[in-house]
Amino acid sequence: MTHAAYVAAAWAIGVVGPAAYAVVVLLRGRRLSRSVPASRRRWLTTGDEGDDGRAGGR
Amino acid sequence: MRSLLGLPARPASKAAEAPGHTGSRSTKLLGLALLAGVVALCLFAFVFSPPDSRTGPEGTPIGQFDAVRIMYVHVPSAVWGYVGFGICALGSAVYLLKRSAWWDRLAHAGAEIGVVFCGISILTGMIWGRPVWGTWWDWGDVRLVTTLMLSLVYLGYLAVRSLAAAPAARESRSAVLGIVGVVLIPIVNRSVDWWEDRTLHQKSTLEELRIEDLTLFTLVLGFLVGGLAFAWLLIHRFRVAWLDAEAENSEMLAAIEERRSEASTLNGTVAQEVAGTATEAEGTGTGAEGAGTGAEGAGTGATGATGREGTGATGRERQMEASRR
């Protein structure tokens, strides 16, 4: 393979970058979930409720 | 959704069972599809698709060779970055019209993911440019510079969002920036046509690279996988933005409640002392004066404390004077 180092570096950034960002978002969500009452986390509901992440107005 | 449909609130027991994360059934399915898509993309990008190699006019092989495999990451990340900024602009515009928190959170999520994808696009583009163009970066290339400007504008948007200000003011200011920034997207896109002699970029990746068959399929697969990643991140980031605002509201409400309870405790103490002072003052025959001092003390916290001390001392002095008589 030609330019193997360049290809490897670009793919590492392209895959690891979003993956790392996803981990940060998930961890932040977990931390914040502890400080917000469950009733205000509207997507975490039973099947009869929408699962679209809508938060509604303030 | 219940509130939107006018249904009664969710039972407390079910609410208490809710797990402490931003995932849901739909995001789990989306995540599984994304993982499968990444595996498939890796297989097509590294195993099935051929390197870009053509025969030049003199019979020598030309092309990007294996560097073309970077395109499967670079091009989709650029496009999905633009989509993120577009979502930010749309959310900002609707927020300014409706003042809806939902659209504001969506705009925030779109901007942040757009910056991540655009940053990946810039970095992978630089890595691709080194073997193919012979340079990491060229300040004379309008597409490179305008893409960097676009990223910086939305980094500014995120900076405005993190400023310490009243939420409504912060949201309005960032919404204006979110709309202004999106003007750069058509400039970035058309820059290779408007300034042909000032860019190293090809006009159209699909036309210039003459990609076909498996190479084209792999690029399309890259777009799909990028879209799945974008959707998954957008949903989670939106929920985090919502939680963030809720946590901020909860903290503010808790602080207000704390102040209220402090004030009520203070008022109760002051009222008892005022009542005691009035009784003592009645005994000395100067009740009106003592009660007046106590009431002034109850007006504000610091003054109240001073007022109470003053009233207490005056009451004791008068009591001693009365006993002496």
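Values reported hereafter were calculated over all heavy atoms of this structure, with side chains retained and with hydrogens, waters and symmetry mates removed. In what follows, every chain begins at residue 1, and chains take the letters A, B, ... in the order their sequences are listed.
One distance of note links CD1 of A:Ile13 with CD1 of B:Ile122; it measures 11.5 Å at 0.5 Å rounding. Going from atom OG of A:Ser33 over to atom CD of B:Glu246 covers 11.5 Å, rounded to the nearest 0.5 Å.
Contact count against chain A (heavy-atom pairs under 4.5 Å) is highest for B:Pro131 among B:Pro131, B:Cys42, B:Gly226. Considering only heavy-atom pairs separated by less than 4.5 Å from chain A, the leading option among B:Ile127, B:Leu106, B:Thr124 is B:Ile127. Interface check for chain A: of the options B:Leu41, B:Val73, B:Val38, the most heavy-atom pairs under 4.5 Å are formed by B:Val73.
Listed in order of number, the residues of residues 111-120 of chain B that approach chain A to under 4.5 Å between heavy atoms are B:Glu112, B:Ile113, B:Val116, B:Ile120.
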Item to check | Worked verdict on A:Tyr21 versus B:Arg237 for side chain to side chain contact (heavy atoms under 4.5 Å, CB included) | outcome: CA-CA 10 Å; A:Tyr21 175 68; B:Arg237 186 62 189 85; 3.4 Å; yes
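Listed by first and then second residue, the salt bridge (charged side-chain N to carboxylate O under 4.0 Å, His left out) pairs that reach into residues 2-28 of chain A are A:Arg28-B:Asp244, sequence neighbours excluded. Applying the side-chain hydrogen bond (donor to acceptor under 3.5 Å, both in side chains) test to every pair with at least one member in residues 219-236 of chain B, sequence neighbours left out, gives these pairs: B:Thr22-B:His236.
Taking the six-membered ring wherever Trp is involved, the centroid distance between the rings of A:Trp11 and B:Tyr72 does not fall below 6.0 Å.
What you find for B:Ile70 and A:Ala10 is that their closest heavy atoms are CG2-CB, 3.5 Å. Contact between A:Val7 and B:Ala67 at its shortest, heavy atoms only, is CG2-CA, 4.2 Å. Across B:Gln64 and A:His3, no two heavy atoms sit closer than the pair O-CD2, 3.7 Å. Shown here for B:Ala247 and A:Leu32, the closest heavy-atom pair between the two residues is CB-CD2, 4.0 Å.
For B:Ala229, no part lies near chain A; criterion is any non-hydrogen pair under 4.5 Å.
Considering only residues two or more places apart in sequence or on other chains, B:Phe85 meets the ring pair (Phe, Tyr, Trp, His ring centres under 6.0 Å) condition with B:Tyr154.
Checking side-chain atoms of A:Thr2 against main-chain N and O of B:Phe65 turns up no donor-acceptor pair under 3.5 Å.
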